[in-house]
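The structure appears right after this line, and notes come after that.
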Amino acid sequence: MNSSIDIRQTFFQECEELLEALDDGLNALAAASEDGTIDSETVNAVFRAVHSIKGGAAAFGLEMLVRFAHQFETALDAMRSGKLVATPEIVRVFLRSADYLADLITSARDEVAPTSSAGPDLMERLAQMVPANGARMPAQPAPPVATPAPAAEADDFGFQPITLSFDAAPEPTAPTGFAIRFAATKQLYRNGNDPVHMFRALADLGTLKTRLDSSALPPLDQMDWAGSYLVWDLTLHTTESQQAVHEIFEFVDGLCTLEISELGQETAPPAEVAPPVEPAPIVTDATSLKNGPAASAAIRPGPGKPATQAAGQKGSVRVDLELVDRLINIVGELVINQAVLAQCVQDAGIGTQSDVGAGLDEFRNLARELQENVMAIRAQSVKPLFQRMARIVREASDIAGKTVDFVTEGDAVEVDKTVIERLVDPLTHIIRNSVDHGLETAAARQAAGKPAAGRICLSAAHRSGRVLIEVSDDGAGINRPKVRQMAIDKGLIPADAVLTDAEIDKLIFLPGFSTASKVTDLSGRGVGMDVVRSAIQSLGGRVNISSTPGKGTTMSISLPLTLAVLDGMVVDVAGQTMVVPITAIIETLRPAASDIHAVAGAGKVVAVREKFVPIIDLAETFGHRPSSQDYSSMVLLLVESGQNERWALAVDRIHDQRQVVIKGLESNYGHVPGVAAATILGDGKIALIIDPDETAQRKRPQAGFAPALMTEEV
Amino acid sequence: MSAAAELSKADDRELVSFRVGGQDFCVDIMSVREIRGWTPATVLPHAPPYILGVINLRGAVVPIVDLAARMGLEPIRPDARHVIVICVVDNQTVGFLVDAVSDILSVKRTLIQPTPAVSSDVTRAFFEGVIAIDQRMLRLIDIEAVLPPIAARQERP
């Protein structure tokens, strides 16, 4: 029972990879369809992806998935065989079909009904693409060059019109046979394929004669042991269709040179059923060396492209995420342990110059390196995320009726898996906003002298130990007078507020802000950019916006590489060591007594460049001691909460600034108000990591409290 | 193993017994992971009084429950002589601070008596039953009932 669940899980994991490959292929196809340079290998890759998904789905009895994948595959196969030409229109249907396929897979995995209702429509459109019984598709006249001769007369390669249906029995044809010339590439063997299995499968179709052409075999001393030098000439007498023969080589498509011709073309076809010959034994290397045929120059080198493509693929193993997390834990422990040891050595009065000191240094470097590498295991490329966003753009632009060119950069940038997962929602929101609000309509764009199609660019890059993700559009930019007026109307800012452009841009992050004058399908559902902002902040990230009127808007998200470690400021709060995330801290200050003011009996504020910021005494908040009377001897950490509010956290002392490994509290204890997590310090003790946002929220009066707008140094 | 032997094995319960505030308690050995000496805990803000804080157990953050305080006895003033019994229930790891671990014993299930009716239902709910052994009363703790409830993060407005 368990193992079948495991296999099912593996299938869905594989589906993710296959969908990625599918998306890749379709995107390449989309680009190629514009200039008409379709690469058959791309079509093959797309076909293989859909085919593999169908195969797996059938094994698990995922009826809906199989049916749709089958229809999709049929259309792709028509394209593969040249019966269907990839026009941009058709590729668009393919892209949407791929989206729907992904939907079906997700719903099958989660065992829920699919959310999208696009299925029947897409099925219909895919079915229309496939010429029925060799008849040309009426709606899609293909350029004559690419159109093969009508299938009734066999063309050179004898391709049947691909109305291929794996369920339907192949049409009975006259007893005939095929001459097959099969040359494997090196990659075929490397992928673990063995021609003998294919030959056996062929032998099952009828009677098979094999002849090995070993003429290309170099002398032993020049032979590359991993090379492929053998070519087989196979003669198959069978009543099966050519399709059936092709299917056998399906999985090595692109990994071999395959020529299949009907026997009748060169030699007279056997008038009746082929004479009963013994099923030809599979010719082995040894025998073939002896009776190898005369040298022939006919050996075609394997197609170079698939080989290089395959070589470019990285080998990978599937590892349980839990196992990785455990590994990260252990390595974190090792790093702490090293710090403890170093402390012990120092306390024992052994100098760092000694052998022990040097050894410990080495140990520290190794432990750090180990930690970095283990962290890297959790990292994943943002490519699947970006592909998902491409899909969002397609959907959104369909609904908004805008044409959008979606460009991605830095697909290969790697970020922690959890960060990627938790980026989906905020990024979706930003992208939808860009399509809906950012880009103008085609008419407005043309009036402004821009190309009719809008452009949205999604990029990822590493910047000084963080990941920078940017969404930029070439739309109209933020309409600042409108944003300002909206903020005033909603009471978010006073009517006479003097704001810089950057401050106005930042207003859209305020809760309850939506610039769309009418509610659309895409955005304006009440969840605004403030949700995006808090989602990103919960990941330890920051979001910024910059806009140039008439030129466009750019949203930049800066994120930590991993959620497992955090840059923290180690502080002392009434004798307790605590950690404040550096990302939250804007500045630290030691206030002069004259800067501290009391607001009646309700608390104290500190003047920071003529703005008054409320002070939160952490020792009091966490119940360690009553509120301090004298903040001037303490250190204030200026932090900013999600709603543009600033607070000054009062701590006794700053110890240190360092990277700490985040340890959850919630699994063993539960949530502690104002505490985000825990960490283990160099001395093996636990320190709590403060959640500044939550600490501030708890301190905030419950009554309506308009967030004060603060100046922002971005 | 014969069916009879299996049956008799199922009839027995292996227990770890310890003393807290002058009374004898025990827990099922299957939930005990390890027993270790007291190490100072990091105080958790806003925690109930019986939570002494959290300690670092080989990289895991484990909360420590003062079993005496939890049982309504005089809270323990922990020092190096005290012992932490680390228990795991449903993937939740918790340490119980006790005065001293006394014994590991095997008790027939039939010897476990229902908890006598004492005034506090809350306290009564902490026990699976009691066992009479050598003129003493062993109180069998239901660990799940004693565990601090996991506090959920409150949704922000």
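In what follows, every chain begins at residue 1, and chains take the letters A, B, ... in the order their sequences are listed. What you see is a predicted model, and the numbers here were worked out from it, not measured in a lab.
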Would you mind checking if Asp652(A) and Arg625(A) are paired as a salt bridge, meaning a charged N to carboxylate O distance below 4.0 Å? yes
Are Glu128(B) and Arg13(B) ion-paired here, with the side-chain N under 4.0 Å from a carboxylate O? yes
Around atom CE of Met30(B), are there more than 12 heavy atoms of other residues, nucleotides or ligands at under 6.0 Å? no
Proximity breakdown for Leu147(B) and chain A, heavy-atom pairs closer than 4.5 Å: neither
Carboxylate-amine/guanidinium contact Asp12(B) Arg109(B), below 4.0 Å: no
Between Val88(B), Ile51(B), Val62(B), which shows the greatest number of heavy-atom pairs under 4.5 Å with chain A? Ile51(B)
Tell me whether Asn91(B) at atom CG has more than 12 heavy atoms from other residues, nucleotides or ligands lying less than 6.0 Å away. no
Let me know if Val94(B) has heavy atoms under 4.5 Å from chain A in its side chain, its backbone, both or neither. side chain
Contacting moiety of Ala47(B), where chain A heavy atoms sit under 4.5 Å: both
Check each atom of Ile680(A) against the heavy atoms of chain B and say whether the ones under 4.5 Å are side chain, backbone, both or neither. side chain
